[in-house]
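These notes are about the structure you will find just below.
Numbering of ligands and ligand atoms starts at 1, following listing order. In this text, all values refer to a predicted model and were calculated from it rather than measured experimentally.
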Amino acid sequence: MTKVITYGTFDLFHEGHYRLLKRAKELGDYLIVGVTTEEYDQTRGKMNVVDSLMTRIENVKKSGFADEVIIESSPGQKPLDIQKYQIDIFTVGSDWVGQFDYLSDYCQVVYLERTKNISSTMLRAQKKQIQRIGIIGTGRIAGRFVPEAKLVSGVSVEAVYNPHRESTVRFAEKWEIEAHSELEYFYQSVNAVYIASPHGTHYAYIKSALEHGKHVLCEKPMVLRQAQAEELFSLAKERGLILFEGIKTAYCPGFAKLLGIACSGMIGNVRSVEACFTKLESPKSRELTDLEYGGSFTELGSYVMLPIIKLFGNGFDDICFDTIEDAETGLDLFTKAHFRYENGIGTATCGLGVKSEGTLVISGTKGYIVVEAPWWKTAYFEVHHENPSDVEKYSERFLGDGLRYEISDFLSMINGSNKSEFKLTRGESVTMASVLEQFLRRKRERVRS
Ligand code: C2G
């Protein structure tokens, strides 16, 4: 008798799960299905699981393919199960290719092709829906989005669009999704889009996606003009759609904890926020060759402005920029933006050609908070006071690339919850667009003179 085992969360049970179990059963005579517990899904960073363990087990049983259902509750369990149940074949979907090769020491490992295009037939019966996401752009960040989205239950990345056919096909093959180089067809496959194209193209793509009735999650900086941000937010509101700027820090749990402590009075009244983010880039990179929208402030400014605007608000009295430029391209290699508020000062520092310590320091009338680098992936920070031995330490998990947090909040907003709206408000996104606009205007004036 050939014994097969497979594992999964099986949340919002759909055709992808059904087809996987069907083919898993066909691989042998006896199929064991391991269903993950909520706790295990939390440890492996899976978010938004909707159905209870009981419902998920019920759905696996209802498929009719499982001879036995077991519970998967810890990371090291698979090899133990394989030995305990004398398994011949371990199988899982091809979205996991390579990741379970280590199990071939114990049994045969088979990756079954992942199901593209989950229709909602099964889910409609359950009155539940999976948001089908399409990606615009095929660059580095787009590639990070797919594995992160996989860890958010309730979304499925289904398609990718890029006008350049070749890179689209390459990306689509890698991630087993549909490739499109015609926007109209792309929109037909999805209900929401993630925009990860070059900065200068965001405005037109957001507008077209909203006009096609799609919710939009756009990489930072969303747009580089205040009027464009205002126009797009109004358009989204008019159409009843979500438009969401993806600054991942704003959505990660550690940053929320940090803001809570900074505002709690523990360090008194906040008077200074200094945020620094530098990343050395090759002079040939897009960031240092895109003459119109490249440079350190357009690339990293959204991150370093975030804690300043979150803590002091949108209403600064004055802003000035100090910049070191590349003599040939005129692009900024290092920039400091100084924000002057009535009762506080914000300093946003970023660099692509100068390296510094990526810390965030929030100073107040009773003490200060230091967030360890990389503060934009907020995981550890300390609260200090006048007495140097009086230190409180805080830590929080930051999993993977951290995009899963914003994807999860984007999904909740699409599903009608506004509980995460405060994490990055429309007003804050508009302010950031206006700061970037001022920065780029001054840069153009410098180039002209
Ligand atoms: N699957 C699929 N096609 C889809 C979606 C999922 O073939 N469109 C497969 C997955 O590859 C997996 C199974 O269905 O084999 C269950 O998927 P999930 O519930 O998402 O579980 P997953 O997070 O993939 O967990 O220990 C758990 C395992 O590692 C798999």
Side-chain angles (χ1 to χ4, degrees), residues 4-27 31-53 55-63 65-66 69-82 85 87 89-103 106 109-123 126 128-134 146-159 172 175-178 189-190 399-400 404 407-408 411:
V4 182
I5 198 161
T6 191
Y7 296 86
T9 307
F10 301 102
D11 189 33
L12 301 168
F13 198 88
H14 56 65
E15 281 87 344
H17 299 141
Y18 183 87
R19 289 194 61 241
L20 187 286
L21 294 179
K22 182 170 191 286
R23 287 169 296 156
K25 171 74 181 179
E26 285 163 7
L27 289 173
L31 175 66
I32 301 181
V33 182
V35 181
T36 56
T37 59
E38 276 99 0
E39 291 74 22
Y40 175 48
D41 274 329
Q42 266 166 23
T43 22
R44 69 185 186 125
K46 193 149 190 172
M47 304 185 68
N48 270 36
V49 174
V50 174
D51 293 332
S52 69
L53 177 60
T55 306
R56 293 182 286 118
I57 291 173
E58 262 321 293
N59 286 336
V60 166
K61 283 188 178 160
K62 264 195 246 159
S63 75
F65 301 119
V69 175
I70 60 167
I71 301 293
E72 186 181 29
S73 57
S74 66
Q77 192 182 317
K78 288 185 180 84
L80 301 177
D81 284 346
I82 289 171
Y85 297 103
I87 297 297
I89 302 174
F90 165 86
T91 188
V92 71
S94 54
D95 39 340
W96 290 98
V97 163
Q99 300 195 42
F100 291 110
D101 289 357
Y102 69 95
L103 293 176
Y106 307 91
V109 174
V110 175
Y111 297 102
L112 292 168
E113 198 187 337
R114 170 187 183 272
T115 304
K116 292 183 197 167
N117 283 323
I118 307 166
S119 75
S120 324
T121 335
M122 274 187 176
L123 290 162
Q126 303 172 45
K128 286 171 186 158
Q129 215 200 338
I130 288 196
Q131 291 299 329
R132 299 157 59 91
I133 301 193
V146 189
E148 287 282 320
K150 203 185 133 36
L151 291 160
V152 181
S153 202
V155 304
S156 175
V157 178
E158 298 274 324
W175 297 109
E176 301 183 275
I177 54 179
E178 284 175 25
S189 298
V190 299
L399 295 168
R404 68 193 70 176
I407 301 171
S408 164
L411 176 66

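Contacts between D95 and ligand 1, counted as non-hydrogen atom pairs separated by less than 4.0 Å, involve the side chain only. Looking at I118 against ligand 1, only its side chain comes within 4.0 Å, counting heavy atoms. Looking at K116 against ligand 1, nothing comes within 4.0 Å, counting heavy atoms. Heavy atoms of L20 found under 4.0 angstrom from ligand 1 belong exclusively to the side chain.
Under the side chain to side chain contact (heavy atoms under 4.5 Å, CB included) rule, K46 has a single partner from T36, D41, D11, which is D41. Tested against K78, the residues I5, L103, V92 include a single side chain to side chain contact (heavy atoms under 4.5 Å, CB included) partner, L103.
Taking the six-membered ring for Trp and thresholds of 30 and 60 degrees, F10 and H17 have ring planes more than 60 degrees apart, a perpendicular arrangement.
Between L151 and M47 there is no side-chain heavy-atom pair separated by less than 4.5 Å. Residues V33 and Y7 have side chains not in contact (no heavy-atom distance under 4.5 Å, counting atoms from C-beta outward). The closest side-chain heavy-atom distance from K150 to W96 is below 4.5 Å.
Ranking protein heavy atoms by distance to atom 1 (N) of ligand 1, first place goes to G16 O, 4.2 Å. When only non-hydrogen protein atoms are considered, atom 29 (O) of ligand 1 lies nearest to F100 CZ, 3.5 Å. Closest protein heavy atom to atom 27 (C) of ligand 1: E72 OE1, 3.4 Å. For atom 21 (O) of ligand 1, the nearest protein heavy atom (residue, atom name, distance) is T9 N, 3.2 Å. The nearest protein atom to atom 30 (C) of ligand 1, hydrogens excluded, is given as Y7 O, 3.4 Å; this is a heavy-atom distance. In this structure, atom 3 (N) of ligand 1 lies nearest to the protein heavy atom T115 N, 3.1 Å.
Ligand 1 has no nitrogen or oxygen under 3.5 angstrom from a nitrogen or oxygen of S94. On a distance-only criterion, W96 and ligand 1 share at least one N/O pair closer than 3.5 Å. In terms of polar-atom proximity, T6 is not counted as a contact of ligand 1, lacking any N or O under 3.5 Å from an N or O of the ligand. On a distance-only criterion, K150 and ligand 1 share at least one N/O pair closer than 3.5 Å. On a distance-only criterion, D11 and ligand 1 share no N/O pair closer than 3.5 Å. Looking at F10 next to ligand 1, an N or O pair under 3.5 Å apart turns up. Taking only nitrogen or oxygen atoms, main chain and side chain alike, R23 does not reach within less than 3.5 Å of ligand 1.
Judged by distance alone, with hydrogens and angles left aside, the side-chain atoms of R19 form no donor-acceptor pair with the main-chain N or O of T115 at under 3.5 Å. When atom types are taken as modelled, the side chain of R56 and the backbone of T9 share a donor-acceptor pair closer than 3.5 angstrom. A donor-acceptor pair under 3.5 Å is absent between the side-chain atoms of Y40 and the main chain of V35, judged by distance alone.
By heavy-atom distance, the residue among R19, E15, K46, Q99 lying nearest atom 18 (P) of ligand 1 is K46. With distances taken over non-hydrogen atoms, the option nearest atom 17 (O) of ligand 1 out of R44, H14, H17 is H17. The option from A24, S156, G93 that lies nearest to atom 12 (C) of ligand 1, judged by heavy atoms, is G93.
In summary, the side chains of D81 and Y106 do not present any donor paired with an acceptor at a separation below 3.5 Å, with no hydrogens or angles considered. Using a 3.5 Å distance cut-off with no hydrogens or angles, the side chains of S189 and E178 do pair a donor with an acceptor.
With sequence neighbours left out, the side-chain contact (heavy atoms from CB on, under 4.5 Å) criterion links K22 to Y18, E26, F65.
Every atom of ligand 1 with a heavy atom of V92 under 4.0 Å away is listed here by number and element: 15 (O).
For E158 and R132, the salt-bridge test passes: some basic side-chain N is under 4.0 Å from an acidic carboxylate O.
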